[in-house]
Peer 1: 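Below are the structure tokens for one structure; questions will follow.
Chain letters run A, B, ... following the sequence lines, proteins first and then strands; every chain starts at 1. Just the heavy atoms: all of them, side chains too, but no hydrogens, waters or symmetry mates, feed the values below.
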2 protein chains.
Amino acid sequence: MYNLSDLETFIAVVENKGVLAAAREQRLSPATVSHRLSKLERELATVLVFRDSRRVRLSPAGEIFYTRVGAIIEALHDAEHSIGARSSSVSGLLRVTMPPWVFSKYVMPKLNEFEQAYPELKLDFLITDHFVNVVDDAQDVAIRVGKLNDSGLLSRKIVNNSRILCAAPSYIEKYGMPENLTQLSEHYWVCLPWQRQLKLFDEHKKIHTFNAKTRFTISNSDNMTQAAIAGHGIAIKSKIAINEDLKNGILVEVMPGVMAQDDAPVWFLRPQNSLTTRKTDVFYDFMKSLFLSCE
Amino acid sequence: MYNLSDLETFIAVVENKGVLAAAREQRLSPATVSHRLSKLERELATVLVFRDSRRVRLSPAGEIFYTRVGAIIEALHDAEHSIGARSSSVSGLLRVTMPPWVFSKYVMPKLNEFEQAYPELKLDFLITDHFVNVVDDAQDVAIRVGKLNDSGLLSRKIVNNSRILCAAPSYIEKYGMPENLTQLSEHYWVCLPWQRQLKLFDEHKKIHTFNAKTRFTISNSDNMTQAAIAGHGIAIKSKIAINEDLKNGILVEVMPGVMAQDDAPVWFLRPQNSLTTRKTDVFYDFMKSLFLSCE
DNA sequence: TTTCAATGTTTAATATTTTCGAATGAAGCT
DNA sequence: AGCTTCATTCGAAAATATTAAACATTGAAA
């Protein structure tokens with residue numbers, strides 16, 4: 001039967017695109033690599049790599065096997081780590097999706113530190129505000145803000161957060177600071193497309209629903225903040241997305257406490273049935289650390 | 001570095017609760033098994049099994065490692081199979097959830113054949129009509145009927161199907177066969193709890209919503225069919241769940257074509273990121289074969 | 001066309017690992 | 001204490017892995 005080392009050698013051959021290069025990487029003689037590879041193929045009774053003396057390329061079966069075995073070896077390292085064995089480094093690819101403001105305001109500034117701590121871990125960011133259908137396609141982690149819909153994912157709360165209304169001082173100066181719902185409903189809004197229906201408390205804490213009056217909607221939360229700062233209207237924002245802008249006076253809060261559904265924690269989501277948890281755990285710790293100051 | 005065979009021996013020791021028994025199962029000498037085990041522990045620098053001369057028991061680390069490695073070995077066999085290598089049998093555990101009527105009417109009668117074809121595959125059935133939160137907890141496969149909510153699962157359609165209204169002849173005799181919506185709304189219904197709101201076409205194909213008049217609801221589709229057969233009222237049923245009862249005259253269809261949302265195909269769902277697909281593939285083929293005659 | 005350089009494979013000797021029977025030890029049962 | 005049942009250790013033998021060196025193939029340069 002073939003060995004783990006045979007599998008690892010196969011991976012190395014694929015990733016280094018050659019027997020010689022793989023041998024160098026693994027500190028083995030080319031003969032060994034060649035031997036291991038042919039043993040693997042013999043025992044699987046399947047050709048994994050076509051090789052002529054000049055090039056090496058994967059067979060269709062090899063393609064599939066490479067993907068699978070890569071994940072398996074990774075899962076094994078992960079299992080080793082989970083029992084405290086080996087000081088194996090975190091490596092591989094982690095696919096993460098999150099809203100733009102989380103990325104630009106919290107992740108980006110500290111990304112260097114993360115890269116230095118885990119140099120062998122590659123990150124694929126899918127940055128979008130769209131809430132549905134994001135994790136479907138093989139994402140490892142999703143950062144979500146607000147109420148979770150029940151999605152069969154494991155969720156961990158990263159930080160509490162609430163949504164507030166805000167606007168630029170210049171806008172307020174021009175249109176006045178609203179004092180009640182009637183006035184508020186006359187104002188212009190800067191919204192994400194799916195935020196147009198608003199649920200707000202009146203002075204008796206009764207919930208009113210109305211549609212926001214908009215000149216435009218923007219489907220990216222960062223750009224929408226820019227629009228609010230530029231004075232285009234009142235915006236619904238996560239508190240921790242604009243706390244600095246509030247402090248600097250670039251934005252001011254409008255009618256505090258008026259939002260009916262203002263609870264919008266930041267969540268960390270991942271599929272439950274993954275064989276590898278180390279990468280996601282490490283990334284969770286990183287995300288958690290970014291929001292520590294927001295508690 | 002340790003080997004695949006070391007891992008497999010470890011698994012065998014755990015599952016046979018002893019070195020000697022494991023050696024017998026693997027057709028090795030006890031000395032070899034002992035060697036392999038200690039090599040594995042040495043290289044992981046972790047104690048996996050506490051052993052005195054009488055018994056063997058897993059350490060906490062061993063417990064974790066056992067679970068992980070089991071899944072990994074299985075994933076590896078699966079990978080081998082996926083490239084057409086080896087004639088490795090399908091083994092392990094498959095957790096399936098499905099509605100009662102699918103199980104009792106379609107799966108049960110053919111279960112023997114499946115067991116004979118894949119004697120090493122254990123099945124865990126979670127039989128329930130409840131639609132939400134079922135796949136959350138480590139289910140491998142879910143059989144669902146009706147519209148799918150977007151859940152991040154891979155879906156394959158097993159068979160087309162529609163929902164119809166039906167009742168027992170004895171019930172119709174007593175209360176009359178309804179001819180229009182007004183009459184229908186006066187009838188008694190036998191429902192699942194979440195079916196009480198009905199959307200029905202009137203004679204102009206306009207959709208009307210009303211709440212079913214019920215004497216009771218039952219949260220199990222099989223028992224609810226029994227209630228309908230016993231003459232307790234009109235029921236909404238999947239056509240393929242009661243086709244035989246219709247043929248035998250135990251149930252009769254009521255106002256064909258009146259249901260507004262009658263499309264209710266049977267779906268096969270599974271998580272996308274599983275490392276093992278062979279088990280689920282095999283089970284999909286089985287499920288598909290059960291409904292062939294319904295096409 | 002010939003030659004060279006780069007790459008992969010084979011061969012056969014060498015080194016390492018694995019295996020097993022037998023001996024040893026440890027613990028429960030009578 | 002004596003017997004039985006397991007697991008481990010030992011040492012020799014068997015199996016497997018590794019390597020250098022020779023060989024083969026091919027693309028490109030001369």
Peer 1: Could you identify which residues of residues 17-24 of chain A place a heavy atom less than 4.0 Å from some atom of DNA chain C, listed by residue number, or say none?
Peer 2: Gly18(A), Val19(A), Leu20(A)
Peer 1: Which string of ( ) [ ] | and . matches DNA chain C, if you list each base 5' to 3' and count Watson-Crick or G-U pairs only when both distances are under 3.5 Å?
Peer 2: ||||||||||||||||||||||||||||||
Peer 1: Using atom names, set out every protein N or O paired with an N or O of nucleotides 18-21 of chain C below 3.5 Å, distance rounded to 0.1 Å.
Peer 2:
{"unit_1": "dT18(C)", "atom_1": "OP1", "unit_2": "Asn3(B)", "atom_2": "ND2", "d": "3.4"}
{"unit_1": "dT18(C)", "atom_1": "OP1", "unit_2": "Lys39(B)", "atom_2": "NZ", "d": "2.9"}
{"unit_1": "dT18(C)", "atom_1": "OP2", "unit_2": "Lys39(B)", "atom_2": "NZ", "d": "3.4"}
{"unit_1": "dT19(C)", "atom_1": "OP1", "unit_2": "Arg36(B)", "atom_2": "NH2", "d": "2.4"}
{"unit_1": "dT19(C)", "atom_1": "OP2", "unit_2": "Arg36(B)", "atom_2": "NE", "d": "3.1"}
{"unit_1": "dC20(C)", "atom_1": "OP2", "unit_2": "Ser29(B)", "atom_2": "N", "d": "3.0"}
{"unit_1": "dC20(C)", "atom_1": "OP2", "unit_2": "Ser29(B)", "atom_2": "OG", "d": "3.1"}
{"unit_1": "dC20(C)", "atom_1": "OP2", "unit_2": "Thr32(B)", "atom_2": "OG1", "d": "2.6"}

Peer 1: For Thr280(B) and Asp140(B), test the side chains for any donor-to-acceptor distance below 3.5 angstrom and give the result as yes or no.
Peer 2: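 On atom types as modelled, these side chains do not qualify, holding no pair under 3.5 Å.
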Peer 1: Please give, in whole Å, the distance from dA17(D) P to Gln26(A) CD?
Peer 2: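 Checked: the CD to P distance equals 15 Å.
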Peer 1: Whole angstrom is fine here: how far is it from CG in Leu48(A) over to P in dG8(C)?
Peer 2: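 That distance rounds to 16 Å.
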Peer 1: What distance do Leu76(A) atom CG and Ile72(B) atom CD1 have between them, rounded to the nearest 0.5 Å?
Peer 2: 4.5 Å
Peer 1: Among pairs that include at least one residue of residues 56-75 of chain A, which meet ring pair (Phe, Tyr, Trp, His ring centres under 6.0 Å), considering only residues two or more places apart or in two chains?
Peer 2: Phe10(A)-Phe65(A)
Peer 1: Atom CD of Glu41(A) and atom P of dG8(C): how far apart are they, to the nearest Å?
Peer 2: 13 Å
Peer 1: In Å and rounded to the nearest 0.5 Å, what is the CD1 to CG distance from Ile143(A) to Leu269(A)?
Peer 2: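 Answer rounded to 0.5 Å: 7.5 Å.
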Peer 1: Show me the side-chain donor-acceptor pairs of residues 113-121 of chain B shorter than 3.5 Å, one per line, residues at least two apart or across chains.
Peer 2:
none

Peer 1: Drop me the distance from Glu63(B)'s CD to Thr67(B)'s OG1, to the nearest 0.5 angstrom.
Peer 2: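 Taking CD in Glu63(B) and OG1 in Thr67(B), the distance rounds to 6.5 Å.
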Peer 1: Examine distances only and state if a side-chain atom of Thr97(A) and a backbone atom of Leu126(A) form a donor-acceptor pair shorter than 3.5 Å.
Peer 2: yes
Peer 1: For Ser289(A), give me all partners under side-chain contact (heavy atoms from CB on, under 4.5 Å), at least two apart in sequence or on another chain.
Peer 2: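 Counting only residues at least two positions away or on another chain, Ser289(A) forms a side-chain contact (heavy atoms from CB on, under 4.5 Å) with Phe286(A).
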Peer 1: Could you check whether Val33(A) gets within reach of a base, just the sugar-phosphate, or nothing at all, counting any heavy atom under 4.0 Å?
Peer 2: nothing
Peer 1: Take the protein atom CZ of Arg57(A) and the nucleotide atom P of dT26(D), then report the distance between them rounded to whole Å.
Peer 2: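 Nearest whole value for this atom pair: 14 Å.
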Peer 1: According to salt bridge (Lys or Arg N to Asp or Glu O under 4.0 Å), does anything in residues 12-32 of chain A pair up with another residue at least two apart or in another chain? List the pairs.
Peer 2: none
Peer 1: To the nearest angstrom, how far is Phe50(A) atom CZ from dT26(D) atom C1'?
Peer 2: 18 Å
Peer 1: Roughly how far, to the nearest 0.5 Å, is the NE2 atom of His77(A) from the CZ atom of Arg278(A)?
Peer 2: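 Arg278(A) CZ to His77(A) NE2: 12.5 Å, rounded to 0.5 Å.
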Peer 1: Side-chain N or O of Arg51(A) versus OP1/OP2 of dT9(C): is the shortest distance under 4.0 Å?
Peer 2: yes
Peer 1: Given Tyr284(B) and Ile158(B), is the side chain to side chain contact (heavy atoms under 4.5 Å, CB included) satisfied, shown in steps?
Peer 2: CA-CA 8 Å; Tyr284(B) 173 77; Ile158(B) 295 178; 4.2 Å; yes
Peer 1: Give each protein N/O atom lying under 3.5 Å from an N/O atom of nucleotides 13-15 of chain D, with the pair distance.
Peer 2:
none

Peer 1: With distance as the sole test, does Asp78(B) use its side chain to make a donor-acceptor pair with the main-chain N or O of Thr277(B) at under 3.5 Å?
Peer 2: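 Yes; judged by distance alone, with no hydrogens or angles, the pair exists.
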Peer 1: Tell me: OH of Tyr2(A) to P of dA17(D), nearest whole Å?
Peer 2: 14 Å
Peer 1: side-chain contact (heavy atoms from CB on, under 4.5 Å) with Ile64(B): which residues, sequence neighbours excluded?
Peer 2: Ser82(A), Ile83(A), Arg68(B)
Peer 1: Could you tell me which residues satisfy side-chain contact (heavy atoms from CB on, under 4.5 Å) with Lys157(B), sequence neighbours excluded, listed by chain and number?
Peer 2: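 Per chain and number, Lys157(B) pairs via side-chain contact (heavy atoms from CB on, under 4.5 Å) with Asn160(B), Pro265(B), Trp267(B).
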Peer 1: With Glu41(B), which residues qualify under side-chain contact (heavy atoms from CB on, under 4.5 Å), at least two apart?
Peer 2: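 For Glu41(B), the residues satisfying side-chain contact (heavy atoms from CB on, under 4.5 Å) (neighbours in sequence not counted) are Val47(B), Leu48(B), Val49(B), Arg51(B).
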Peer 1: Can you sort out which residues in residues 59-67 of chain A have a heavy atom within less than 4.0 Å of DNA chain C? Ascending by number, please.
Peer 2: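 Those residues whose heavy atoms fall under 4.0 Å from DNA chain C, taken from residues 59-67 of chain A, amount to none.
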Peer 1: For the atom pair OG (Ser91(B)) and NZ (Lys122(B)), what is the distance rounded to the nearest 0.5 Å?
Peer 2: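 Ser91(B) atom OG to Lys122(B) atom NZ measures 10.0 Å (nearest 0.5 Å).
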